[in-house]
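What follows is a set of notes on a single structure, which appears directly below.
All values below come from the heavy atoms of this structure, side chains included, with hydrogens, waters and symmetry mates left out.
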Number of protein chains: 2
Amino acid sequence: MPASRSLIQGDDMYAIPIRDFFKSAFSVDCVIFGYHAGELKVLLIQRGSEPFENFWALPGDLVYPDEDLDSAANRVLMDLTSLTDIPIRQVHTFGKVDRHPLGRVITVAYLALVEFTELSPHASSWARQTRWHPISRIPRLAFDHKEILDRSVLDLKTLVLTEDIWSKVLPEKFTLTQFQEFFECVLNKRFDKGNFRKKLSGAPFLRQLNETQKNVSHRPSLLYSLDRKKFQSARAKGFAFDF
Amino acid sequence: MPASRSLIQGDDMYAIPIRDFFKSAFSVDCVIFGYHAGELKVLLIQRGSEPFENFWALPGDLVYPDEDLDSAANRVLMDLTSLTDIPIRQVHTFGKVDRHPLGRVITVAYLALVEFTELSPHASSWARQTRWHPISRIPRLAFDHKEILDRSVLDLKTLVLTEDIWSKVLPEKFTLTQFQEFFECVLNKRFDKGNFRKKLSGAPFLRQLNETQKNVSHRPSLLYSLDRKKFQSARAKGFAFDF
DNA sequence: TACACTTATTGTATTTTATACAAAATGTTA
DNA sequence: TAACATTTTGTATAAAATACAATAAGTGTA
């Protein structure tokens, strides 16, 4: 395509009328990962209408003309889970010409991570049902959602090492074992217990509490909490886990 | 916004007619980084028309209705530099409601890295002029392009450690010193010469050639070349530089 | 109470990697 | 041939990663 087709940049000699450009839509799709006790799942909806009626799909929606992209992603998350205040991250934008049967629709994928037992997603007008699916067993998905999901799983692995998106999956007070199990699950690796703790022992963002586990039939663990401020400032200086 | 406004998902009781969603456009903007001899620059254009006439801006264009996102980014790069076969990477999508004066336009930012002396970008119908600007001295930019650029500089630092987008900035045959200088420049760090080489000495993707520098007034360096295949397979196994 | 049991926590010895710095090598140039 | 500039190799030390063992502190049970 010659540059001269361009209009918005100023040359309209052979240009497509600009109104022909303003006939597209964009959507957001949310990859909502759920973690609990060593299991990683993803929240899917079963579509209630065409196209791809009855197919499982990532929850998503068209973006309103007067709505920011990030707001749209938060809205979808909110509609489905009633959760606000969940950190979300943009992953990638998928824009193949024919990816949507109804017209030209590109979609911006977002990723979130929550504790899935704390959350009962409601079916909604547009979702026949919602269900947590283990990431290891995913049904056939609508649109290009499998590609979006695969990409997001990779991105999640990077993100847990650099950002505190895991802050919502651990209880307010957690043990180092829980902390380790989470990373083992997401990264799909095992760590030596002693060495894992040694690595974390200097971390300024882990506050050791004067409290221990209760009612466990073994030596109770010390409890820790996350100091978000200190994590952010460590991150700003370039900190990342090197698991 | 209530979920019930959604239409594409199936509920049209209170919905905005779907045609009202298909009134947006999207563009791509290319952050073309140029490297040469320890200097990092970015290619900007001076806009030839409104909006933001005469402002410096990232090269970009609206995406045609029948054009994939990646193709559009390649087209912009091609129009401006006549270079094909440059690896590009999607960075982020910027979608604030009012980011474009002509209507709802979200933009997908792409990043590329080239050797800037090998390239004479042409001014074009839509670009009054083009110029390489050192990343340390950037003029006021049109739209939200400063935000896009800042974000891309950060992404570049991550990308050079994990992907071979640097493959186009080094000559076919290069010295380890050149290799080191490139990373020092982009990452804005200094490395010990001996230790830097030691780290690289095991790298299977660096082929040592039976050839040395010519016409240098000091001990000539051995020349190396990149084995792309081996780099890719190392990368697939999780390799990344840890500079 | 004493002892088994389970997991937490600390420790230690070994290997590997990073770092700082120096020495030697190899071309050009005067 | 010696000065010069950079490459290349080496070495000594410090730091970090790893494997694995020992000890601690609860619960449950004889």
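- Across all strands shown, A:Thr177 has heavy atoms under 4.0 Å from sugar-phosphate atoms exclusively, and none from any base.
- A centroid separation of less than 6.0 Å is found between the aromatic rings of A:Phe196 and A:Phe243.
- Candidate nucleotides C:dA18, D:dT6, D:dG26 were compared by shortest atom distance to the side chain of A:His218, and D:dG26 ranks first.
- Across the protein-nucleic acid pair, B:Asn215 atom CG and C:dG27 atom P stand 13 Å apart, rounded to whole Å.
- Distance A:Lys199 NZ to C:dG11 P: 20 Å, rounded to the nearest Å.
- Here D:dT18 presents its P atom at 12 Å from CZ of A:Phe243, a figure rounded to the nearest Å.
- Below the 3.5 angstrom threshold, one finds a donor paired with an acceptor across the side chain of A:Asn195 and the base of D:dA19.
- Residues A:Leu226 and A:Phe174 share a closest heavy-atom pair of N-CE2, 3.8 Å.
- A:Trp166 and A:Phe179 have their aromatic ring centers within a separation under 6.0 angstrom.
- Within the 4.0 angstrom heavy-atom criterion, only backbone atoms of the sugar-phosphate kind lie near A:Leu222; the bases stay farther away.
- Side-chain proximity of B:Ser217 to D:dG10, C:dT12, C:dT28: nearest is C:dT28.
- Taking only side-chain atoms of A:Lys198, from C-beta outward, the nucleotide of C:dT19, C:dG11, D:dT6 with the closest atom is C:dG11.
- One can place NZ of B:Lys189 at 13 Å from C1' of C:dA18, the figure rounded to the nearest angstrom.
- As rounded to whole Å, 12 Å separates atom C1' of C:dA23 from atom CZ of B:Arg219.
- Atom CG in A:Asp192 sits about 14 Å away from atom C1' in C:dT7, given to the nearest Å.
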